[in-house]
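The next block holds one structure in the form of structure tokens; read it before the comments.
Everything quoted here is computed from the prediction, not taken from an experiment. Start at 1 and go down the list; that is how both ligands and their atoms are numbered. Position 1 is the first residue of the sequence, and the numbers go up from there. Side chains are part of it too, since the values below use all heavy atoms of this structure and drop only hydrogens, waters and symmetry mates.
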Amino acid sequence: MLVSDHIAGGVPAQELFSCQQAVKHRPKSGQARLELARASLAVDDPAEAVEQCAKALELQPNLRDAAWLLASLVQRYEVNENIKLSAGGLRAALQFVDVDRQALCKAAIASLKHISPLLNAVAVGQAEDWDTVAQSSLRGKGRKLLQDRLFRTALSHGINTDVEVEFLLTALRRALLAEPERLRDRPVYEFACALIQQCANNGYVFHTTAAEREQVDALKIDPAALFEGQGDSAGDLMLAGLYKPLSTIIDPTLARRGYDRIAPRALRLVIANAITIEQKESEIAMSLPQLTAVTDEISQRVADQYRSAPYPRWLSLQAPEPGTARQVLGNYFSDAEITCLDTPFEVLIAGAGTCQQALHSAITYGKQARVLAIDLSAPSLVYGARMAQQLGVENIRFATADILGLGGISEMFDVIECAGVLHHMSDPFAAWQILVDKLKPSGLLQIGLYSEVSRQTIAALSNDPDWPGSNASNEALRTFRHRLMQRTPSEPGYELTTSMDFFSTNDFRDLALHVQEQRCNLPDIRDFLVSNGLEFRGFILPPSVRQMYCDMFPGDSMPGSLDHWWQFEQRNPRTFDGMYMFWCRWEANSR
Ligand SMILES: C[S@@+](CC[C@H](N)C(=O)[O-])C[C@H]1O[C@@H](n2cnc3c(N)ncnc32)[C@H](O)[C@@H]1O
């Protein structure tokens, strides 16, 4: 971008100019590039900001702030063919667990799809068939795709969310099973290890044919031999690891022998990672406390789902600046209403699942906060507790509990967050009432509930001829997904592929095969708030949507009224596709 385009911009344009000069004088400085990225953003040039962040990381791979900014940019802006992203920079960004690797993985794959070899592989796959392109990728020059280091890093650290790339990866897995001797070739086995990690990341969501299942069952796996350094056993183990968790194939006690003799090295790393995770989680599970029992019939059914399929599946966190809750909550509450943040305060995350939101909140609330994350599902909390250790989050504790049992505990809370939970209970409003009773008089409450209007596509799924029913096996789930992927974009059901939840087994189950789901509307929410003396304090929505609301109701100021939001939703039925997510608190003088 030319600086003259921004002369009118005043200070940001001057800043941009001086950053450009700094880059000229210090072309090898990652920090100078990062400053230029920030200045580019200030003059509304996100494409340049993205490119400069990636270059900064190429020059200085440990520049965490550049990785964080890059991830936050690609969360919001799509990577198109005009953006020239440094592959080395993206690979460096993908090494940080406290930046959104998922957004980076998506950006990496989008960027690779614009250039060969992936561009070519996808074109051939579409024009001919995926098996042909997969087979040729295992030999000769075709292996260029497998050797692409950014492709491998993205598959190792994120979850692919591109349908065509999934067709290709699924075919590559089949091709490896059909030609196991190819695994002796270094580019092939190194890629296979990245694919093993990808399959673990997505919970083995790829479609599997009956023939593949038979072949996998017939594999001769000898993990003990592998730990003794007998390389011959690596091939079959790699193939099995593409279809099921390594922790179910390898006896974890073998780890006592050490991983050093496992060859090849790429496989050693994948195995060590899988077993270490398994061991840490078993250890955490042994000391996870139980706050209340789970006796309600629906709670038990829902608990069963989330024990075997914890949600959400996440691998990294775009960690916020610690202690920035005041800024965030300032959008919904006055300074006087958030004085609880000044002294130690109690936070409840009710139905925390695998705790991505809980850990994000714990960091945002900062050291003064004492956060309690509860859920029906112990495995979900165990996952969250392990990630808390990895991310160094210490102001949070975890306990299994049923929201229905919270009346039996004495603790009261300054802040309660409950997103995506109440609609999985038998009476969401009765459960909401229980949370209200746990809120201190000056407390703040965040609720997330499914919208009847937005969830019409999902609600209609149960009439889909291919829908396998809630409680379907993982095999049936994969088959259903595969059928949806094979539809044309205009056919019902295909639009599910635009959801991130489509691309991993547990999240797809949560999205499309839930054992218990109810939806509500804004008049229901309004009535509940009024009858409980609560005040609506605003939806958590992007600024552009709030602006659309203000354009439609120029006489309103934020947070607007629920009656007007209801009219807004009729006109913009996809507004609350995620959920109705909002803040509320007691009306003044109601407590
Ligand atoms: C869709 S997940 C949402 C997880 C998390 N809040 C998020 O937004 O990422 C729903 C979670 O609510 C939990 N849940 C459902 N009913 C519950 C109840 N009665 N008590 C406690 N947790 C419950 C489930 O076990 C599951 O982990």
Please list the nearest protein heavy atom to [atom] with its residue and the distance rounded to 0.1 Å.
atom	value
atom 24 (C) of ligand 1	Y306 CD1, 3.3 Å
atom 8 (O) of ligand 1	A419 O, 3.4 Å
atom 16 (N) of ligand 1	L376 CD1, 3.4 Å
atom 14 (N) of ligand 1	V421 CG1, 3.6 Å
atom 21 (C) of ligand 1	A401 O, 3.4 Å

Option nearest atom 5 (C) of ligand 1 (shortest heavy-atom distance, choices G420, A350, A309, G351):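 Of the listed residues, G351 has the closest heavy atom.
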Closest to atom 13 (C) of ligand 1 among L511, D375, D501 (heavy-atom distance):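 Looking at heavy atoms only, D375 sits closest to atom 13 (C) of ligand 1.
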Are any of the side-chain nitrogens in [X] or [Y] under 4.0 Å away from the carboxylate oxygens of its partner?
X	Y	result
K438	E346	no
E517	R519	yes
E411	R397	yes
R307	D375	no

Contacting atoms of ligand 1, where contact means under 4.0 angstrom from a heavy atom of S299: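 Counting atoms of ligand 1 from 1, those under 4.0 Å from S299 are 19 (N).
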Would [X] count as a contact residue for ligand 1, given that I'm defining contact as a non-hydrogen atom of the residue lying under 4.0 Å from a ligand atom?
X	answer
Q356	no
I374	no
P310	no
D402	yes

Cation-pi check, R537 onto F582 ring (under 6.0 Å, within 45° of axis):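 No, R537 and F582 do not form such a contact.
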Distance under 6.0 Å and angle within 45° of ring axis: R546 vs Y549: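 Geometry flag: not set, cation outside 6.0 Å or 45°.
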Sub-6.0 Å ring centroid separation between Y450 and Y580: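 Centroid distance Y450-Y580: not below 6.0 Å, so no.
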Centroid-centroid under 6.0 Å between H157 and F96 rings: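 They do not qualify: ring centres at least 6.0 Å apart.
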Part of D510 within contact of ligand 1 (heavy atoms, under 4.0 Å):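 The answer is the side chain of D510.
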